[in-house]
Amino acid sequence: MSNTALLIVDALNDFFSKGSLPVPRAEEVIPPLNDVIVLARQKSWPRIPIRDWHPRTSSHFKPFGGEWNIHCVQNTHGAEFHPNLNLGPDCFIVSKGTRFGEQGYSGFEGTLSDGTLLGVFLKQVGITRVLIGGLATDYCVKATVLDALKHKLETIVLIDACRAVDVNPGDGDRAILEMKKAGAIISTTGEIIKLNS
Ligand code: VGL
């Protein structure tokens with residue numbers, strides 16, 4: 001099924017326990033993400049790590065009127081992929097939230113290094129199905145999943161490879177329900193690996 005791509009959302013240092021905007025239990029996404037990366041490499045599925053790549057001054061950040069601590073600033077340690085994530089070579093990195101006024105929740109607002117929007121790229125390479133995992137279930141994962149569905153992609157959420165911020169208790173569970181209602185398939189990495197082995 002070379003029509004499949006793996007989208008890994010915001011597995012970036014600042015969203016892990018030592019970062020500036022830690023997602024509870026974020027470390028737990030690393031093993032399932034590494035497992036599904038192995039499968040993607042075996043199948044030659046494009047691996048697409050999506051990253052927050054904010055300018056130092058962004059309307060996304062509290063000091064500039066936004067909601068969040070400063071995080072994932074371009075070219076800083078916090079914006080790097082978690083060191084235990086075995087992305088491997090030849091990934092297609094997508095950057096989002098790269099300008100002052102861009103919030104960058106959805107990977108589909110992001111672009112590849114040559115400026116191609118994620119949705120355009122997926123179409124160009126014939127992708128019809130996306131597997132999505134990462135951080136955080138109730139923000140960037142949800143926004144990316146809902147946009148994938150709007151792009152008419154078969155969209156599978158790797159539920160064990162996601163964790164929620166849960167600013168309000170239950171936000172993560174509500175996000176899962178919302179994604180499901182919009183047409184996403186909720187699965188585990190184990191199920192996907194079994195089905196494709
Ligand atoms: C995220 C809050 C702020 C996310 C990004 O990756 O889900 N959440 N910026």
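Indexing begins at 1, ligand by ligand and atom by atom, following the structure's order. The figures that follow rest on heavy atoms only: side chains count, while hydrogens, waters and symmetry mates do not.
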For Arg47 and Ala40, work out which heavy atoms get closest and say how close.
CG-CB, 3.9 Å
Leu122 vs Leu153, test: side chain to side chain contact (heavy atoms under 4.5 Å, CB included). Steps then yes/no.
CA-CA 9 Å; Leu122 294 176; Leu153 295 159; 3.8 Å; yes
What residue and atom, counting heavy atoms only, is the protein's closest point to atom 8 (N) of ligand 1, and at what distance?
Tyr139 CB, 3.6 Å
Shortest protein contact, atom 1 (C) of ligand 1 (heavy atom only)
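Answer for atom 1 (C) of ligand 1: Cys140 SG, 3.4 Å.
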Please indicate whether any nitrogen or oxygen in [X] is less than 3.5 Å from any nitrogen or oxygen in ligand 1.
X: Asp10; result: yes
X: Val141; result: no
X: Tyr105; result: no
X: Leu21; result: no

With heavy atoms under 4.0 Å as the rule, classify the contact between Glu67 and ligand 1 as side chain, backbone, both or neither.
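Near ligand 1, Glu67 shows nothing, with every heavy atom at 4.0 Å or more.
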Would you kindly specify which portion of Val9 sits under 4.0 Å from ligand 1, judged on non-hydrogen atoms: side chain, backbone, both or neither?
neither
Which of the numbered atoms in ligand 1 are below 4.0 angstrom from a heavy atom of Ala136?
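Answer, ordered by atom number: 4 (C), 6 (O), 7 (O).
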Suppose I only count heavy atoms of Asp52 and a 4.0 Å limit; which atoms of ligand 1 are within that range?
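Here the atoms of ligand 1 in question are 5 (C), 9 (N).
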Closest heavy-atom approach to atom 9 (N) of ligand 1 among Arg163, Arg51, His60 is made by His60
Mind checking whether Gln103 has a heavy atom under 4.0 Å from ligand 1?
no
Out of Asp52, Asp10, Thr76, which residue meets the side chain to side chain donor-acceptor pair (under 3.5 Å) rule with His71?
Asp52
Would you please classify the geometry between the His60 ring and the Tyr105 ring as parallel, tilted or perpendicular, with 30° and 60° separating the classes?
perpendicular
Using the ring of Trp53 (Phe, Tyr or Trp, six-membered ring only), decide whether Arg99 places NZ or CZ under 6.0 Å from its centre and within 45 degrees of its axis.
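Pair Arg99/Trp53 does not count as cation-pi.
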Quick one: which of Val141, Ile186, Val145 gives a side-chain contact (heavy atoms from CB on, under 4.5 Å) with Cys162?
Val141
Would you say that Lys142 contacts Met179 through its side chain, given a criterion of any heavy-atom pair below 4.5 Å between the two side chains?
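Heavy-atom side-chain distance check passes, below 4.5 Å.
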Flag for Asp160-Thr189: side-chain donor and acceptor within less than 3.5 Å
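Yes, side-chain donor-acceptor contact under 3.5 Å.
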